[in-house]
Amino acid sequence: MATLAPPAASRTRNLLSVYRSGIGLLLVALVVTEGLGAWLHAESITASGALLMLAMLPWLLVQGSKMGRLFVAASVLGAIAVALTQDAPLPILASALQRAAFFQAFLIAVFTLQEAAGRSESMAKVGRFLVTQPIRKQALLTLCGTNLMALMMNMGSLVFIGILARDSDAADTTGPKSERAWITALAAIRGFSPSACWSPLALPPVYLSSLVAAVSLKTTMLVGAVLSAAILLFSVLFTALEVRKTTLDQPDPAPFPKRSILRISLLLGGLFSLIFFISGQMAVSTSAAVMIIIPATSILWLIALQDYRLRGLVSGPLRAMVLSRLPDQAAATSVITSAAFLGPIIVSLLPVNAITTLLTASSASPSVILSGVLVTIIALSMVGLNPVLTCAIAAGIISQPLDLGIEPIALVAVLLVGWALSAQFSPYTGTATIVSSIFGVSPVTLIFTRNRAFMLSCMALCVATIFVTQRVL
């Protein structure tokens, strides 16, 4: 008896599933390639990451978000423009591809820790404690707790905290749910972004120290830690004033999870110590250490969560992570990897020397230039330009900061702050998109209406700080 062929839609889904699985394996190969190549200082190994990125290009074009597909398409057009206009396009294209490969590998390596942390009961207890407190206490605890969890889970902390807060809000009958959702959403985005200034699991310090060669990664992280503490302190004080008259009680607050917090703190402390020890003693970069240590830690953590049953690990969380969630994560971060690719492309196409000469001839003070850089990065992020791209362009134009009277560390500090604030001042970043979708609020309203007073106050304070520090130093 003849059998009916599967419908076209079913065949398409099967092909997409197979392709997704293949992308997951390519991503694992990319992390291993980038990590080992950096550890062994073998450029021939890391160069193969560019080929892996090319193999993943169709996936990013098909599965990325609208903005992601736009950035990928812009990357293709930029590559064509370089090939047609530059005398030596291959080194530029190779550098852009290698940078995109590094970004993708780093993000995927960090995401593996998010996978393990999301299954941890200790993390769940901390999250439940944060979102079940009376609203004023909840706002401040969510702000600080999201910052702590971001060190381990990156954007996964927003998803994790957001889902717990949304479920708690759905069961709350003591006040207007919409107001609690707005307050929690604001606290989450304000707590998340400062971690980007210094965490070894965040891209900005690693990336910016590579753009401004005069400043080491260690110095960048130390300065970033100070900036992160300042932004977090201002966020806490502003949020405390903002919610001081709000009275929405939570009927059943969860108990303080002392043991869970201790376990998480010890794990974070151990991870960071191991990363810095290995990068210092074995002459490898911090990013290379992250790309090896974090996935290894994640696998060990998942093994422990599976009661050391390797078969259950391979057939369960490991399989789901590699074959499904890693490809989806790559598609979700296509804007960032595409922006990393576009950085060298756009800098090579811009008349950098002419712009630098114009800046020098304008006799603009370092304070004016640095303030202009900060405001421009944030303003462009508001219309969808990722800070990965704008920071690369700014560093390319101000490639010799001392010629303009600017200390390299001051430039790095401004780029760090601009990147961190863009995450919470733009409705088009992953931060705003994730939080608004979880809480069912408009990202435009969240950023430009509910967060407007904080945004303007913070930017004014940052510009004033630039002028004061430049005058004093």
Side-chain angles (χ1 to χ4, degrees), residues 113-177 179-195 198-199 201 225 228-229 231-273 297 301-302 304-305 434-435 438-439:
L113 188 63
Q114 174 183 323
E115 180 73 17
R119 297 171 178 270
S120 167
E121 181 59 28
S122 292
M123 294 292 287
K125 287 181 179 179
V126 172
R128 283 193 292 270
F129 170 74
L130 295 178
V131 302
T132 58
Q133 304 303 308
I135 190 61
R136 282 178 288 182
K137 188 176 180 181
Q138 176 188 324
L140 298 178
L141 288 175
T142 299
L143 195 154
C144 297
T146 306
N147 184 268
L148 173 65
M149 288 188 172
L151 299 179
M152 293 183 65
M153 300 178 71
N154 205 290
M155 285 193 178
S157 62
L158 296 174
V159 177
F160 192 77
I161 290 290
I163 290 175
L164 289 172
R166 183 189 63 191
D167 293 345
S168 174
D169 181 51
D172 178 27
T173 59
T174 62
K177 294 181 177 61
E179 186 62 22
R180 181 180 290 275
W182 283 117
I183 291 173
T184 307
L186 287 172
I189 62 172
R190 291 173 187 173
F192 172 79
S193 63
S195 67
W198 73 276
S199 170
L201 306 188
S228 176
I231 296 172
L232 190 63
L233 176 61
F234 180 75
S235 301
V236 168
L237 293 175
F238 192 95
T239 303
L241 289 173
E242 200 172 43
V243 300
R244 69 188 186 281
K245 295 182 180 179
T246 305
T247 54
L248 299 174
D249 294 328
Q250 181 72 23
D252 297 308
F256 181 70
K258 182 166 62 175
R259 289 187 179 180
S260 297
I261 291 177
L262 179 61
R263 290 192 193 103
I264 294 170
S265 300
L266 289 175
L267 178 60
L268 272 176
L271 274 178
F272 288 2
S273 299
T297 301
W301 196 353
L302 286 172
L305 291 174
I434 290 172
V435 170
I438 289 175
F439 287 98

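The minimum heavy-atom distance between S228 and S195, with the atom names listed, is OG-N, 4.1 Å. V435 and A188 make their closest contact through CG2-CB, 4.5 Å (heavy atoms, listed as atom of the first residue, atom of the second, distance). The nearest pair of heavy atoms linking Q138 to L130 is CG-O, 3.3 Å. W301 and A117 make their closest contact through CH2-CA, 3.7 Å (heavy atoms, listed as atom of the first residue, atom of the second, distance). Looking at every heavy atom in both residues, R244 comes nearest to R136 through O-NH1, 3.0 Å. Minimum heavy-atom separation, M149 to G127: CE-N, 3.7 Å.
Atom OG1 in T146 sits 10.0 Å away from atom CG in L141 (nearest 0.5 Å). Taken from OG in S122 to CG in L267, the straight-line distance is 9.5 Å, to the nearest 0.5 Å. Note that CD of Q133 is 9.0 Å distant from OG1 of T142, once rounded to the nearest 0.5 Å. Atom CD of Q114 is separated from atom CG of L201 by 11.5 Å, given to the nearest 0.5 angstrom. In this structure, CG on L113 lies 8.0 Å from CG on L268, to the nearest 0.5 angstrom. A distance of 4.0 Å separates CD of E242 from CZ of R190, quoted to the nearest 0.5 Å.
Remark: side-chain polar atoms of T132 are paired, donor with acceptor, to backbone N or O of A254 under 3.5 angstrom.
Exactly one residue among N147, L143, L186 makes a side chain to side chain contact (heavy atoms under 4.5 Å, CB included) with S235. That residue is L143.
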